[in-house]
Amino acid sequence: MAADSPLAKLRNIGIMAHIDAGKTTTTERILFYTGRSYKMGEVHEGTAVMDWMEQEQERGITITSAATTCEWHDHKINIIDTPGHVDFTIEVERSLRVLDGSIAIFCAVGGVEPQSETVWRQADHYRVPRIAFVNKMDRIGADFWNCVEMMKDRLGANPLPVQIPVGSEAGFRGVIDLITEKMLVFDEESKGLQYTEEDIPEEFTEESSAVRMTLLEKLADFDEEVMEKYLEEQPISADVIYRAIRNATLKLQLVPVLCGSAFKNKGVQPLLDAVIAYLPSPLEVPPVEGLNSKDEVETRKASESEKFCGLAFKIVSDPFVGNLTFVRVYSGILKVGSQVYNPVKRKKEKIGRILKMHANKREEAQSISTGDIGALVGLRFTTTGDTLCQSGDSIRLETMDFPEPVISIAIEPKSKADEEKLSESLVKIEKEDPSFHVKTDEDTGQTIISGMGELHLEVIVDRLVREFKVAANIGKPQVAYKESIEAAAKAEGKFEHLTAGKQQYGHVWLELEPAKRGSGFTFESRITSEQVPSQFLEAIERGVKDSLDSGPLIGFPLVDLHVALVDGSYHEEDSTEMAFGVAATMAMRKGAAEASPVLLEPIMDLEVIVPDDYLGEVMNDLNSKRAKINGVESRGNYQVVKAQVPLAEMFGYSTDLRSATQGRATFTMRYSSYDRVPENKAEAIIHRIRGI
């Protein structure tokens with residue numbers, strides 16, 4: 001396909017970063033400079049276009065990933081602004097799944113922060129080429145080179161500065177483009193709309209020449225033409241450098257690094273130029289792969305002449321049109337009125353309306369084609385991660401992995417009238433957000449909602465009140481404990497029963513063994529068909545799996561164990577699948593109770609940034625919370641404490657930390673793994689939950 005084809009001039013990019021690195025502010029500037037917005041929104045004023053939810057405007061953070069489209073130098077750019085808060089990591093995950101390239105934004109003061117590491121790993125997983133933008137160069141403590149070093153150390157990245165800052169903090173004046181060897185100065189009166197290219201000031205020529213030389217040396221490792229010219233000391237044109245950087249970026253060998261201050265309107269247009277220069281079009285990413293109905297691998301090229309294939313990566317409950325399903329089209333064209341097939345749910349879907357989204361504003365469209373991102377109205381069966389394809393086709397694209405919730409609270413309607421409305425609203429939110437779960441506690445009849453953190457659940461309760469107009473009472477947060485076993489055990493399950501005039505018979509012996517922490521559950525059969533015929537094996541495995549929902553201690557899910565079917569017997573006449581399923585469940589319950597059951601709790605990775613004066617108090621407090629301190633490193637006048645700490649000890653930590661440090665310390669926390677609860681603590685938890 002020709003280089004000037006519409007697809008070659010399309011970029012699907014995401015903006016990802018740690019909370020408060022300036023993602024949304026940068027996006028607002030992009031929309032302003034590309035003419036998509038006539039005025040700049042500000043996060044701190046609650047007027048940012050991309051933060052359209054009331055909760056986002058109040059808290060000054062991004063919660064949902066918002067999609068928009070803009071144009072720059074004859075190129076169309078679809079942008080998804082993703083959240084930075086770890087509680088909404090699912091939003092980043094599903095956005096990266098469908099993007100071709102990404103801008104990673106780093107704060108020049110904080111450098112590479114914990115959530116930056118998380119989203120970087122997610123981008124590595126999906127092999128997304130990226131460019132980096134070191135933002136907030138005007139802030140006190142800004143350090144461009146420290147940020148570049150942290151990218152190497154913490155992310156294992158290979159950063160390639162293509163710009164360097166002129167001054168920093170209050171003296172930040174502009175940037176030097178190392179490729180064109182010009183200084184870019186941004187006009188403050190026009191809010192940065194105009195900028196001029198000037199010669200590099202004398203005091204910066206030595207530094208810029210040295211950094212440019214390093215850039216060429218690095219590029220020579222990845223590009224033969226650059227290497228030849230570099231070794232022969234010939235001048236290397238800007239076009240050759242751009243091409244070499246682009247190729248290395250697309251192969252994930254390099255990450256071009258730019259800098260600026262989005263808030264002060266400096267450095268955003270060169271960032272847009274870099275998106276076009278270095279990030280891929282849909283034609284430059286590998287053809288998408290999936291499995292057909294025979295589980296054979298099939299590919300779809302990025303072409304409108306191919307069969308239609310797209311991925312539903314996000315569901316939004318819209319008060320005006322019902323469910324909106326965001327779809328990335330990988331091949332073919334999707335038209336209004338056409339019928340598509342969902343091979344995951346094995347259902348047909350009718351395309352009633354197609355919308356192009358600009359944050360929460362929408363434009364009607366008659367079709368969306370290869371490379372496009374659009375929203376479909378009224379799909380009945382499709383959920384997040386499902387594939388949509390042409391009728392008669394059956395390709396299933398790789399789905400997404402969603403994290404398990406780690407925190408739960410009980411929720412109930414304030415009045416009887418709200419009861420039905422509450423359950424309907426929770427079902428809608430659960431469909432939107434795969435990291436949010438709703439269940440009914442069988443013992444108490446309470447509705448329990450689970451999510452990724454306190455903020456996650458707080459925002460959901462807030463949405464219930466504002467969006468869905470449901471008033472609800474909530475209980476105290478509860479940790480999502482799990483159970484496991486620490487010893488091997490062998491148990492028998494025998495089911496002999498007369499039901500509906502028919503004798504039922506099933507008999508099994510199971511062996512349970514503990515497995516590595518985090519490995520989940522595995523099942524194997526070690527018996528012959530003489531002992532138990534193979535047609536009953538599936539029912540036995542199903543019976544074992546059903547019993548994993550409730551462990552022997554206090555009924556939390558049972559994880560990290562291996563179960564083997566080692567013996568059993570059957571009757572020609574009386575044995576049924578149901579009988580073997582029940583026998584397996586009986587054996588599991590007995591075996592788990594005898595296999596030294598233990599309680600597991602979620603452990604969180606914690607990073608606290610604290611002024612030197614308060615380090616002692618913060619450390620003492622963490623030690624009292626059963627924290628395992630992994631290290632303390634210095635960052636200017638601050639200390640960065642890294643620790644692992646049980647989630648159960650961390651409720652209300654933000655309030656404690658604020659009062660202990662006069663509001664000067666900050667922390668981030670993300671789920672790490674499950675680990676055993678110490679025995680004395682486990683006993684207290686078991687007694688409390690059993691109500692003893």
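Side chains are part of it too, since the values below use all heavy atoms of this structure and drop only hydrogens, waters and symmetry mates. Note that the structure is a prediction, hence the values are computed from the model and not measured.
In this structure, Ser281 OG and Leu7 CG are separated by 7.0 Å, a value rounded to the nearest 0.5 Å. Remark: Leu254 CG to Thr249 OG1 distance equals 6.0 Å, nearest 0.5 Å. The distance from the CD1 atom of Ile164 to the CG atom of Leu258 is 12.5 Å, given to the nearest 0.5 Å. Ser261 OG to Met137 CE: the interatomic distance, rounded to the nearest 0.5 Å, is 9.0 Å. Taking CD from Gln234 and CD from Glu225, the interatomic distance works out to 9.5 Å, rounded to the nearest 0.5 Å. Taking CE of Met650 as the start and CD1 of Ile603 as the end, the distance is 11.5 Å to the nearest 0.5 Å.
Here the side chains of Leu272 and Ile77 are in contact, with some heavy-atom distance below 4.5 Å. In this structure the side chain of Val268 never reaches within 4.5 angstrom of the side chain of Phe186, judged on heavy atoms. Side-chain contact check for Val166 versus Met183: some heavy-atom pair is nearer than 4.5 Å. In this structure, the side chains of Cys147 and Met150 stay at 4.5 Å or more apart for every pair of heavy atoms. Here the side chains of Phe263 and Thr26 are not in contact, with every heavy-atom distance at 4.5 Å or above. Put simply, the side chain of Asp223 reaches to within 4.5 Å of the side chain of Arg243, judged on heavy atoms. Looking at Ile30 and Ile79, their side chains come closer than 4.5 Å, going by heavy atoms from C-beta outward. Residues Val618 and Val608 are in side-chain contact: their nearest non-hydrogen atoms beyond the backbone lie under 4.5 Å apart.
For Glu233, the CD atom counts as loosely surrounded, since its 6.0 Å shell holds 12 or fewer non-hydrogen atoms of other residues, nucleotides or ligands. Within a 6.0 Å radius of CZ in Arg517, more than 12 heavy atoms belonging to other residues, nucleotides or ligands are found. The neighbour count for Ile140 CD1, taken as heavy atoms of other residues, nucleotides or ligands under 6.0 Å away, does not exceed 12.
Screening Leu99, Val255, Leu252, Ile13 for a side-chain contact (heavy atoms from CB on, under 4.5 Å) with Pro129, the sole residue that qualifies is Leu252.
Remark: the Gln269 side chain and the Tyr195 side chain contain no N/O donor-acceptor pair separated by less than 3.5 Å. Between the side chains of Gln639 and Asp612, at least one donor N or O sits under 3.5 Å from an acceptor N or O. Between Asp239 and Ser237, the side chains place no donor N or O within less than 3.5 Å of an acceptor N or O (distance only, hydrogens not considered). A donor atom on one side chain and an acceptor atom on the other are found under 3.5 Å apart for Gln644 and Asp605.
With respect to the salt-bridge test (charged N to carboxylate O, under 4.0 angstrom), the residues Glu633 and Arg154 qualify. Between Asp100 and Arg11, none of the side-chain N atoms (NZ, or NE/NH1/NH2) sits under 4.0 Å from a carboxylate O, so this pair counts as no salt bridge. A salt bridge does not link Asp177 with Lys182: every distance from a Lys NZ or Arg NE/NH1/NH2 to an Asp or Glu carboxylate oxygen is 4.0 Å or more. Using a 4.0 Å cut-off between charged nitrogen and carboxylate oxygen, Lys229 and Glu232 do not count as a salt-bridge pair. A salt bridge is defined here as a Lys NZ or Arg NE, NH1 or NH2 lying under 4.0 Å from an Asp or Glu carboxylate O, and Glu71 with Lys76 fails to meet this definition.
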Exercise for review: Quick one: do Asn12 and Ile373 satisfy side-chain contact (heavy atoms from CB on, under 4.5 Å)? Show the steps, please.
Suggested key: CA-CA 8 Å; Asn12 284 314; Ile373 290 172; 3.8 Å; yes

Check your understanding: Can you list the steps and then say if Tyr614 with Asp621 is a side-chain contact (heavy atoms from CB on, under 4.5 Å)?
Key -> CA-CA 11 Å; Tyr614 298 104; Asp621 184 42; over 6 Å; no

**Study point:** side-chain contact (heavy atoms from CB on, under 4.5 Å) evaluation trace for Ile103 with Val275
**Key:** CA-CA 8 Å; Ile103 302 171; Val275 165; 3.7 Å; yes

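Arg173 places no side-chain N or O within donor-acceptor distance of the main-chain N or O of Gly167, the cut-off being under 3.5 Å. In this structure, His125 contributes its side chain and Ala123 its backbone to no donor-acceptor pair below 3.5 Å. Judged by distance alone, with hydrogens and angles left aside, the side-chain atoms of Arg246 form a donor-acceptor pair with the main-chain N or O of Leu279 at under 3.5 Å. Between the side chain of Lys625 and the backbone N or O of Leu647, no donor-acceptor pair lies under 3.5 Å. In this structure, Arg130 contributes its side chain and Ala104 its backbone to no donor-acceptor pair below 3.5 Å. In terms of modelled atom types and a separation under 3.5 Å, the side chain of Glu169 and the main chain of Gly141 share a donor-acceptor contact. Without hydrogens or angle criteria, Asn623 side chain to Met619 main chain gives a donor-acceptor distance under 3.5 Å. For Glu181 (side chain) and Leu178 (main-chain N/O), no donor-acceptor pair under 3.5 Å exists by modelled atom type. In this structure, the side chain of Arg29 engages the main chain of Ala262 through a donor-acceptor pair within 3.5 Å. Side-chain atoms of Lys266 come within 3.5 Å of backbone atoms of Phe172 as a donor-acceptor pair (strictly under, hydrogens ignored).
The two atoms that bring Arg328 and Pro282 nearest to each other are NH2-CB, 3.9 Å, heavy atoms only. Nearest heavy-atom pair across Ile176 and Ser208 is CG2-CB, 4.1 Å.
Aromatic ring pairs are classed by plane angle as parallel below 30°, tilted from 30° to 60° and perpendicular above 60°; the pair Tyr653 and Phe667 is perpendicular.
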